[in-house]
Each structure stands twice: as C-alpha cells, then as structure tokens.
Amino acid sequence: MSNPEAMAPLPPAAGDAPHPGAPFRTVVLVGLMGAGKSSIGRRLAQRYGLPFVDADKEIEAAAGCTIEEIFDRLGEQAFRDGERRVILRLLDDPPHVLATGGGAFIDPQIRERIKQGCISVWLHADLDLLVRRVSRRSNRPLLKRGSPREVLEALIERRYPIYAEADIRVDSADGPPEQTVQRVVDALQRFGASKLSSAGASP
Ligand code: S3P
C-alpha cells in the first residue's frame with residue numbers, strides 16, 4: 001500500500017524556517033539496521049527546523065508496496081535499483097535530514113553523490129545493541145536469511161569499512177534518543193568548525 005505522507009519531505013511546523021545554525025546541506029544518516037537512523041533523523045530535523053525524509057518510506061511510496069513485498073515479488077536487485085533511483089532524486093531536493101536504509105551508502109553511485117553534496121553521519125552501534133533493537137520489528141527481509149545476530153555480524157564485517165567513509169561517526173547511545181541527537185548536533189558543529197578553520201588555514 002502506498003503511503004501518501006511519504007510522497008514529500010515532512011515539512012517542519014508551519015511558518016518555521018531552518019533554525020540558525022542548521023546545516024546548509026542535506027544531512028544523510030547512514031548505518032546498519034537498528035542503529036536508529038529514522039528515530040534520530042526525525043528528531044534531528046525538528047531540532048534544526050528542516051524537513052525530515054525517510055528513504056525507505058519514499059521507496060515504498062514509489063513502488064506502491066512495502067519493502068518486504070518488493071523483496072518477495074521482485075528480489076533484492078530490483079529493490080536496490082529502486083533505492084538508487086529514489087535516493088538520487090531526493091539528493092537533488094533542498095537541504096533536509098535524510099534517513100537511508102542500511103544498504104544505501106554501500107551503493108557506489110549513491111555514496112559518491114552523498115560525498116559530493118551532503119554531510120554524511122554514520123550512526124555506529126555495536127552488535128549487541130543492534131540485535132536488541134532489530135528484535136522489536138520482524139519486517140526486514142535481510143534478517144530472515146539467518147539468525148539476526150549472524151546476519152548483522154556479517155554485515156558489520158562487510159559494511160563498517162564503507163560506513164567509515166562518512167564525514168562523521170557518532171555512537172548511537174543505548175539510552176534516550178535525545179542523547180544521540182545531541183551527539184550528532186555536537187559532531188556536526190565540530191565538523192562545520194573544522195571545515196571553516198581548514199578553509200581559513202589554506203593559502
Ligand atoms: C536494508 C535495510 C533496511 C531496508 C532494507 C534493506 C539493508 O532499512 O532498506 O530492508 O540492506 O541493510 P533500515 O536500515 O532502515 O532497517
């Protein structure tokens with residue numbers, strides 16, 4: 001079923017403009033399933049007065065069915081192709097906070113575009129935390145290919161070196177989401193500051 005709310009970026013409250021200090025580029029959250037990308041992204045967007053977009057929801061809206069159904073009916077490759085199309089389109093939109101599915105940053109074309117025009121934040125979490133978090137939902141197709149722990153362990157091995165190419169790494173806290181949001185805000189501020197100072201230092 002398509003979700004009309006997912007068709008457009010969620011606008012901040014009426015009349016809001018981006019808050020002072022909001023990033024002027026799209027902030028893209030990357031990381032494994034269970035790292036908290038959607039939950040942190042939504043709060044981060046509110047904090048900055050920016051629209052929030054969940055890439056998985058956009059893919060479902062574009063396909064008119066759930067991700068699980070895309071995997072079942074068309075297979076993973078079709079999902080990856082759709083994911084690429086949708087995310088490349090979203091990356092052309094004005095600055096917003098974008099939560100991506102765990103495989104998106106692994107795609108070389110998506111990764112390259114993010115590197116060119118966005119700020120990427122890797123929400124890092126250790127295996128135990130991820131396993132605990134993903135056990136709350138059972139609709140992730142990759143996690144049906146084995147025990148969630150084994151699948152996540154293999155994905156950590158394969159994907160963490162690639163997530164490490166993100167501009168910023170933040171450890172996802174095992175506590176209230178606001179704690180992680182604050183870590184991201186602080187890290188983004190430091191990232192902005194370091195960019196400015198390195199630009200200032202260049203001849
Ligand atoms: C995937 C992660 C999922 C979703 C799809 C594939 C992956 O998103 O895009 O099931 O390859 O890691 P979340 O990371 O939001 O669960």
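These numbers come from a predicted model, not from an experiment. Indexing begins at 1, ligand by ligand and atom by atom, following the structure's order. Because only heavy atoms are used, hydrogens play no part in the values below, and waters and symmetry mates are left out as well, while side chains stay in.
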Salt bridge (charged side-chain N to carboxylate O under 4.0 Å, His left out): which pairs involve residues 121-130, sequence neighbours left out?
D128-R149
Results of side chain to side chain donor-acceptor pair (under 3.5 Å) for R136 - residues two or more places apart only
none
With the 4.5 Å side-chain cut-off for hydrophobic clustering, are V30 and L127 part of the same group?
yes
Under 4.0 Å from ligand 1 - residues by heavy atom, chain and number:
M33, K37, D56, I67, F79, R80, G101, G102, G103, R140, P141, L142, R159
Donor-acceptor contact present, side-chain K37 to main-chain L32, <3.5 Å:
yes
State plainly whether the residues R133 and D174 are in salt-bridge range, i.e. N to O under 4.0 Å.
no
Cut-off 3.5 Å, no hydrogens considered: what does the side-chain donor-acceptor table look like for residues 154-162, sequence neighbours left out?
unit_1: R159; atom_1: NH1; unit_2: G102; atom_2: O; d: 3.2
unit_1: Y160; atom_1: OH; unit_2: A125; atom_2: O; d: 2.7

